[in-house]
Number of protein chains: 2
Amino acid sequence: MKKPPCCPPAEPTPPVPTDEAEANERLAQLAKALGHPARVAILRMLVREQGCIVGDITRELPFAQSTVSQHLKQLKDAGLIRGDVDGPRVCYCVEPGVVALFKALVGTL
Amino acid sequence: MKKPPCCPPAEPTPPVPTDEAEANERLAQLAKALGHPARVAILRMLVREQGCIVGDITRELPFAQSTVSQHLKQLKDAGLIRGDVDGPRVCYCVEPGVVALFKALVGTL
DNA sequence: AGCGTTTATCGTCGATAGGCGATGGGTGCG
DNA sequence: CGCACCCATCGCCTATCGACGATAAACGCT
């Protein structure tokens, strides 16, 4: 049985910045991270299943492994996902709080 | 009194695409358009006031007029805003339906 | 120790983004 | 008609993106 010990400790939702310029900055950063169809697809996949091995994601997408890895890096840099090492593999999963923050920021438009 | 005849004929909200790949594509396109703080600021400004002259926007932002014009073009290409000519000026305003579509798409994450 | 598997990183390449100043086309006014 | 104003576009430059193959690092297993 290969249940990766990945997602459990969910972080709390970060607060929406009070300063408008700061909010714009954060919103732009998150929006940019989702500014590519492959990254949207990856995020959706991580939400649907919870926690995915890179290999599984690569098999779902029409891109090379290295390309997928770079998209994952961008999502991780934006804080939208997290990657936990599970032996030789890495289990990626959504950071629900940050997704919620994104939705909240979009809601302020 | 300088009331530009800009925003009145609001377009209806486009439907959320049923095909997931198509939805991802559209969401990525809209997210990319908002993937820069200046563009977020512009959109917010157009929502706050309704309808803005390019000159006013340029005065608000720390960028050259040509740079602002390019950001406006990207927002327009994504469908988020519209630009109506008002004599020598151009009045930009929000396309509320598309903003609503964006919110709806983000809501599906 | 060595091997296969898995993933991240590197190097490269063309394309795109993002900034600016300068130019040019409309428009209204004198 | 000419002038001033407003804006879009062009050309240029640098930096980043997006894709790939190749390589390297970490791990489990035998």
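Keep in mind that this is a model prediction, so the values were computed, not measured. Per chain, numbering begins at 1; letters A, B, ... match sequence-line order.
Atom CD in A/Q29 sits roughly 15 Å away from atom C1' in D/dT16 (whole-Å rounding). Protein atom CG of B/L72 is 16 Å distant from nucleotide atom C1' of C/dA17, rounded to whole Å. Spacing between atom CG of A/L34 and atom P of D/dG18 amounts to 12 Å, rounded to whole angstrom units. Following rounding to the nearest Å, B/L75 (CG) and C/dG18 (P) show an atom-to-atom distance of 11 Å. As rounded to whole Å, 13 Å separates atom P of C/dG28 from atom CD1 of B/I53. C/dT7 atom C1' lies 14 Å from atom NZ of A/K73, rounded to whole Å. Atom CG of B/D84 is separated from atom P of D/dC6 by 19 Å (rounded to the nearest Å). Distance A/D86 CG to C/dA8 C1': 16 Å, rounded to the nearest Å.
Residue A/F63 is the one, among A/F63 and A/G87, whose nearest nucleotide of DNA chain D lies closer to the 5' end (criterion: closest heavy atom). Between A/P62 and A/P88, the residue anchored nearer the 5' end of DNA chain D, judged by the nucleotide with its closest heavy atom, is A/P62.
Rounding to the nearest 0.5 angstrom, the gap separating the CD1 atom in A/I42 from the OH atom in A/Y92 is 9.5 Å. Atoms CD and CZ, from A/E20 and B/R48 in turn, are 5.0 Å apart once rounded to the nearest 0.5 Å.
In this structure, the nucleotide among C/dT16, D/dC7, C/dG18 sitting nearest to the side chain of B/H36 is C/dG18.
Listed pair B/K32 / C/dA17 meets the phosphate criterion, a side-chain N or O lying under 4.0 Å from OP1 or OP2. Regarding contacts with the backbone of C/dG19, a side-chain N or O of B/H71 is found under 4.0 angstrom from either OP1 or OP2. Using a 4.0 Å cut-off, no side-chain N or O of A/S66 falls inside it from OP1 or OP2 of D/dC20. At the phosphate of D/dA19, neither OP1 nor OP2 sits under 4.0 Å from any side-chain N or O atom of A/T67. B/R89 has no side-chain polar atom (N or O) that falls below the 4.0 Å cut-off from OP1 or OP2 of C/dG26. Within the 4.0 Å cut-off from OP1 or OP2 of D/dC6, not a single side-chain nitrogen or oxygen of B/Y92 is found.
A donor and an acceptor atom sit less than 3.5 Å apart, one in the side chain of B/Q65 and one in the base of D/dA8.
When the shell of 6.0 Å around NZ of B/K76 is examined, it contains 12 or fewer heavy atoms from other residues, nucleotides or ligands. The local environment of CD in A/Q50 is sparse, with at most 12 non-hydrogen atoms from other residues, nucleotides or ligands closer than 6.0 Å.
Backbone-only engagement by B/Q74 is indicated by non-hydrogen atom pairs under 4.0 Å involving sugar-phosphate atoms exclusively.
Between B/D56 and B/R59 there is a salt bridge, since at least one side-chain N of the basic residue sits less than 4.0 Å from a carboxylate O of the acidic one.
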